[in-house]
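Worksheet for the structure shown next.
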Amino acid sequence: IGIFGNVQQKRLQVVYDIAGGQIGFAPAAC
Amino acid sequence: EEREHAHTVEVNSLLPATTCSSSSSSTKGHMSEHASSSVLKVIHKHGPCSRLNKHKSKTPTHAQILQQDQTRVNSIHSRVNSKKQTKSVDDLRQSAATTIPAQSGSVVGSGNYIVNVGLGSPKKQLSLIFDTGSDLTWTQCRPCIISCYKQKEPIFDPSFSASYTNVSCTSATCSQLTSATGNTPGCDTSTCIYDIQYGDQSFSIGYFGKEKLSLTNTDVFDGFLFGCGQNNQGLFGGSAGLLGLGRNPISLVEQLAQKYNRFFSYCLPSTSSSIGYLSFGKSDGSSNAVKFTTLSTVSQGDSFYGINVVGINVGETKLPISASVFSSSGTIIDSGTVITRLPPTAYSALKAAFRQAMKSYPLTEAVSILDTCYDFSSFKTVSYPKISFVFDNGLTQDLDATGILYVVSADQVCLAFAGNEDDSY
């Protein structure tokens, strides 16, 4: 299985909206 | 045109500072914006912001971090594959003689982002590794009947907490442990015993308990189910345990669903010397800059968060990878795995395109699982191609400039991706 790891997630806002069935990203969040 | 598809950075800026740059303005902005939800600071376990790494000797080498990462990936693969063969718990009960495969859960050692939470009354602050790739939250507990590894903060002692209670063996929450840890819970003087094994021989075994959890001063939850570890060994790097954010009912996300409606977000700091955040609940002003893609389930690993990758762009090139390469293997997003793993066909296309774009820089020796490394020591600034992931329903997400390279030193800067052994892995 492929794994999107934490280096690639750096500085992105990663949003887990489980009830909404979606994962979101926004740039330069920290 | 060139600037549009490439990052140009000072080589010095690639190296983590040796001092902690307290929470950056954007994080602070974010923190205040999240007044209605609870926001925790996220720091890198091995960086100067972490109180855990006062003993320099404790910081693992890059090769060790990458090796631990591979062990974690192997254990995730075995969890996903073993789910295919896993019998139902009833089968196991019937065939008592069956050796229950020790659930090689996720490997913690490589997970390197920690948050600080309060436990008990009066509350004790604990640094826990937060992990979207596992479910059970646990911390080491006195009297450490069998063993406790060295941790930075004082080990939690439930006998000094007014709000601690044990979970009894007969309660339904006790039997929930089987799906969360992969091991049937034990029973000791009518108290439920949990047992979670990790792929790198790390493990935590102890009493399953309920305790007051303080995410922040104002967000306090009674009766939080967690593991009070009496026998803990492994690569937890001075942290007090783990905060499980997976999809199992025992996960913190599910236990606090009432309050936060299964909504959380985080931002992982770009260097080990900066600070990010982990926030629970939809904030009123949640930035509408967020672009969404489908959250899918991983058929064999129901605790994991699946995302559908359909393509990768390097610079202005869409890599020649058929979407079926990604769909046949599936992809999960995991805060505890360091390096992104791709199906080998996809990785070799990414590697070829990146090397083509970087042909003016000298390649140098590989480190552990990273086979495309460069010597930047004779350059003041370097340029490297942007990389973006294309997800289903058309979302194309640029990786941050800091999300493409793994920096060992100025003379060993590596493309931060690795291939799995087999496309069907």
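Quick note: numbers below take in every heavy atom, side chains included, and nothing from hydrogens, waters or symmetry partners. Every chain is numbered from 1, with letters handed out A, B, ... down the list of sequences.
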Nearest 0.5 angstrom please: B/Ser270 OG to A/Arg11 CZ, how far?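 Nearest 0.5 Å value for the OG-CZ distance: 5.5 Å.
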In this structure, CG of B/Asp398 is separated from CG of A/Leu12 (nearest 0.5 Å) by 9.0 Å
Is it true that a side-chain atom of [X] and a backbone atom of [Y] form a donor plus acceptor pair closer than 3.5 Å?
X        : Y        : answer
A/Gln8   : B/Gly403 : yes
B/Asp334 : A/Gly5   : no
B/Asn420 : A/Ile1   : yes

Less than 4.5 Å to any heavy atom of chain A: does that hold for the side chain of [X], its backbone, both, or neither?
X        : answer
B/Thr132 : side chain
B/Leu395 : side chain
B/Val298 : side chain
B/Val42  : neither
B/Asn393 : neither
B/Ile333 : both

With sequence neighbours excluded, what pairs up with B/Phe130 under the ring pair (Phe, Tyr, Trp, His ring centres under 6.0 Å) test? B/Tyr266
Return all side-chain donor-acceptor pairs below 3.5 angstrom for residues 17-30 of chain A, not counting sequence neighbours, or 'none' if the list is empty.
from: A/Asp17; atom 1: OD1; to: A/Gly20; atom 2: N; distance (Å): 2.9
from: A/Asp17; atom 1: OD2; to: A/Gln22; atom 2: NE2; distance (Å): 3.1

I need the residue from B/Tyr347, B/Phe391, B/Tyr406 with the largest number of non-hydrogen atom pairs under 4.5 Å to chain A. B/Phe391
Heavy-atom pair with the smallest gap, counting every atom of B/Thr402 and A/Lys10: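 For B/Thr402 and A/Lys10, the tightest heavy-atom pair comes out as O-CD, 3.5 Å.
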Anything under 30° is parallel, anything over 60° is perpendicular, the rest tilted; go ahead and classify B/Phe264 against A/Tyr16.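 Taking A/Tyr16 first and then B/Phe264, their aromatic rings lie parallel (interplane angle under 30°).
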Picking from B/Phe417, B/Phe389, B/Tyr305, what satisfies ring pair (Phe, Tyr, Trp, His ring centres under 6.0 Å) with A/Phe4?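 Checked B/Phe417, B/Phe389, B/Tyr305 against A/Phe4; only one passes ring pair (Phe, Tyr, Trp, His ring centres under 6.0 Å): B/Phe389.
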Count the heavy-atom pairs under 4.5 Å between each of A/Ile3, A/Val7, A/Val14 and chain B, then report the option with the highest count.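 It is A/Ile3.
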